There are 2 protein chains.
Amino acid sequence: MLMSQLSAATDTPVPTLKFYLREGLLPAGTPLSQTRADYDESHVRRVRVIRALTETVGLSVQQTRGVLAVVDDPGPSLFDAFGRALSHLPPEVPEQDDYPRARAALGALGWMCDPGYPAVRQLENAIAAAEAVGVPLDEARLRAYAPHIRGIAQYDMDGIPEDPDAAIAYAVLGTAAHEPVIAALRRLAHQDIAATR
Amino acid sequence: MLMSQLSAATDTPVPTLKFYLREGLLPAGTPLSQTRADYDESHVRRVRVIRALTETVGLSVQQTRGVLAVVDDPGPSLFDAFGRALSHLPPEVPEQDDYPRARAALGALGWMCDPGYPAVRQLENAIAAAEAVGVPLDEARLRAYAPHIRGIAQYDMDGIPEDPDAAIAYAVLGTAAHEPVIAALRRLAHQDIAATR
DNA sequence: AATGTTAGATAGTTGCACTACCCAATGCAA
DNA sequence: TTGCATTGGGTAGTGCAACTATCTAACATT
């Protein structure tokens with residue numbers, strides 16, 4: 001498949017594909033000559049993934065590169081790779097000394113989480129933002145949310161494939177790609193509950 | 001409170017405050033003279049809300065303006081105002097003729113949702129993105145997620161205040177501000193489940 | 001009266017995600 | 001084989017968003 005055909009198959013302009021190549025998001029095709037290269041189905045899938053991550057999940061090109069790099073080369077520890085991949089997901093938050101709100105929340109729930117884990121920073125930031133906006137995450141809400149979130153996460157974890165490479169792709173992309181789905185469903189559930197009152 | 005004091009109170013540079021004024025995010029202070037104006041606690045809160053919505057929830061300045069405009073002036077119908085406010089939340093998706101995936105999902109769940117509702121578009125887009133990434137939202141996953149999401153949404157709706165103005169602010173800002181919290185907690189639940197295995 | 005600060009307006013900067021252009025090397029048709 | 005369109009790869013430019021810096025006249029403070 002020539003680049004123009006890859007362009008047609010993914011509905012993406014050729015200059016944009018070149019941009020993805022330059023940025024290291026898309027692996028080069030196998031060169032057929034100095035002036036043409038062959039792209040295959042894996043490239044088509046890759047472009048679709050890139051566009052889904054950037055447009056719908058809302059990742060920047062940099063973040064997408066980071067996530068895909070981990071998926072492409074997870075390294076020996078799945079657990080560690082998962083953490084590294086998640087550190088590229090938004091929102092990006094500055095490193096801090098302490099995470100009082102997040103520690104309080106996790107302590108109340110009894111969840112075991114390494115404080116160095118990026119999601120702890122994100123939680124701290126998110127709780128602080130909710131406070132600033134005037135809808136604080138009080139303990140009652142936390143306790144109401146927690147079992148449901150855990151139920152969702154439990155389903156996620158139960159479905160993880162055996163194969164390590166597939167596992168990391170499933171875990172990372174599933175975490176990222178299902179977040180907008182969950183957000184949209186929550187908004188629609190609000191709507192449905194309001195409508196049936 | 002002078003603008004410089006508002007700047008100090010919110011840890012926001014004066015030029016940025018001026019930018020928010022120009023963009024219509026921040027209401028003008030009451031002028032004390034031609035060259036100074038008085039800002040009060042409501043302005044401090046407003047700046048905090050603006051920064052939380054833009055930095056943590058990830059709204060653009062335009063989207064923030066749209067959301068705040070609805071919160072400031074909800075109009076007669078709460079239900080309608082809620083829909084209008086949510087249409088400003090990300091991800092922004094183009095209007096389409098049909099929403100096959102979203103309709104199938106909502107049909108399977110038996111949720112009553114107006115197809116013109118913006119969250120339906122967002123759901124359609126999110127499901128399509130998950131498919132593209134290789135982690136499709138199959139019916140089993142949908143059925144596993146749905147009761148938990150509904151549980152979260154139920155708690156949200158139960159807490160809505162009586163006063164209409166407070167209700168719309170609570171509903172809109174709560175929907176937006178708790179999304180990052182839920183996302184972070186889900187990521188941490190993954191971590192906790194993996195760790196305790 | 002001298003000095004410094006402020007509000008408001010205008011213009012400039014930075015970063016990101018493309019997008020347009022150019023060129024040499026093909027591939028293809030006649 | 002000749003000529004022309006196409007391709008890959010590189011460089012440079014564009015458009016937008018979110019600030020940020022500068023300027024000016026009108027104040028307030030000393």
Side-chain angles (χ1 to χ4, degrees), chain A residues 1-40 43 46-68 88-92 94, chain B residues 1-40 43 46-68 88-92 94:
Chain A
M1 183 186 301
L2 256 19
M3 187 183 271
S4 56
Q5 296 170 295
L6 179 61
S7 165
T10 58
D11 198 30
T12 304
V14 170
T16 302
L17 294 177
K18 293 183 176 184
F19 172 69
Y20 291 155
L21 283 170
R22 277 201 305 283
E23 293 292 321
L25 298 185
L26 185 64
T30 57
L32 296 174
S33 75
Q34 271 192 26
T35 65
R36 46 200 60 194
D38 184 55
Y39 301 91
D40 59 22
H43 292 90
R46 184 59 168 248
V47 173
R48 297 223 172 100
V49 169
I50 293 168
R51 294 194 82 85
L53 288 180
T54 53
E55 286 173 14
T56 301
V57 183
L59 302 193
S60 70
V61 166
Q62 268 190 48
Q63 292 166 333
T64 305
R65 181 175 38 227
V67 169
L68 291 179
H88 294 287
L89 295 185
E92 285 201 71
Chain B
M1 184 187 299
L2 255 19
M3 186 183 272
S4 56
Q5 296 170 296
L6 178 62
S7 166
T10 59
D11 197 30
T12 303
V14 169
T16 301
L17 294 177
K18 292 183 176 183
F19 172 70
Y20 291 156
L21 283 169
R22 278 200 305 283
E23 293 294 319
L25 297 184
L26 185 64
T30 56
L32 296 174
S33 74
Q34 271 191 26
T35 64
R36 45 198 63 190
D38 183 57
Y39 301 90
D40 59 22
H43 292 91
R46 179 55 91 104
V47 172
R48 297 221 172 102
V49 169
I50 293 168
R51 295 194 82 85
L53 288 180
T54 54
E55 286 173 15
T56 301
V57 184
L59 302 193
S60 69
V61 166
Q62 268 191 48
Q63 291 166 333
T64 305
R65 179 173 43 225
V67 169
L68 291 178
H88 294 288
L89 296 186
E92 285 203 71

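As a basis for the values below, the full set of heavy atoms in this structure was taken, side chains included, without hydrogen atoms, waters or symmetry mates. Predicted, not measured: the structure shown is a model, and the values here were computed from it. Here is the naming used below: chain letters follow the sequence lines, and residue numbers restart at 1 for every chain.
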Could you state the [atom1]-[atom2] distance from [X] to [N], rounded to the nearest angstrom?
{"X": "A:I50", "N": "C:dC16", "atom1": "CD1", "atom2": "C1'", "value": "16 Å"}
{"X": "A:L2", "N": "C:dG27", "atom1": "CG", "atom2": "C1'", "value": "10 Å"}
{"X": "A:R36", "N": "D:dG9", "atom1": "CZ", "atom2": "P", "value": "12 Å"}
{"X": "A:L17", "N": "D:dG9", "atom1": "CG", "atom2": "C1'", "value": "14 Å"}
{"X": "B:Q34", "N": "C:dA9", "atom1": "CD", "atom2": "C1'", "value": "14 Å"}
{"X": "A:L32", "N": "C:dC28", "atom1": "CG", "atom2": "C1'", "value": "16 Å"}
{"X": "A:D11", "N": "C:dC18", "atom1": "CG", "atom2": "C1'", "value": "16 Å"}
{"X": "A:M3", "N": "D:dG9", "atom1": "CE", "atom2": "P", "value": "6 Å"}

What are the atom names and distances for every N/O pair under 3.5 Å that joins the protein to nucleotides 10-20 of chain D?
{"unit_1": "D:dA18", "atom_1": "OP1", "unit_2": "B:V61", "atom_2": "N", "d": "3.1"}
{"unit_1": "D:dT20", "atom_1": "OP2", "unit_2": "B:T16", "atom_2": "OG1", "d": "3.4"}
{"unit_1": "D:dT20", "atom_1": "O4", "unit_2": "B:R22", "atom_2": "NH2", "d": "3.0"}

Could you tell me whether the phosphate oxygens of D:dT7, OP1 or OP2, come under 4.0 Å of any side-chain nitrogen or oxygen in A:S4?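 Yes.
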C:dG27, OP1 or OP2 - any side-chain N/O from A:S33 closer than 4.0 Å?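 It does, given that an N or O in the side chain of A:S33 lies less than 4.0 Å from OP1 or OP2 of C:dG27.
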Is it true that a side-chain atom of A:R65 and a backbone atom of A:E23 form a donor plus acceptor pair closer than 3.5 Å?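 Judged by distance alone, yes, a pair lies under 3.5 Å.
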Do any N or O atoms from the side chain of A:T54 and from the backbone of A:L59 form a donor-acceptor pair under 3.5 angstrom?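 Side chain of A:T54 to backbone of A:L59, a donor-acceptor pair under 3.5 Å: no, none is there.
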Minimum heavy-atom distance B:G58-B:Q63, with the two atoms named: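 Heavy atoms of B:G58 and B:Q63 come nearest at O-OE1, 4.3 Å.
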Option passing side chain to side chain contact (heavy atoms under 4.5 Å, CB included) with B:R51 (candidates B:T56, B:T16, B:T64):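 The passing option is B:T16.
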Decide side-chain contact (heavy atoms from CB on, under 4.5 Å) for B:D40 and B:T30; before the verdict, give the C-alpha distance in whole Å, the side-chain angles of both, and the deciding distance to 0.1 Å. CA-CA 9 Å; B:D40 59 22; B:T30 56; over 6 Å; no
Test item: A:Y39 and A:L17 side chains (from C-beta on) under 4.5 Å apart, heavy atoms: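 In short, these two side chains do not touch, never coming nearer than 4.5 Å.
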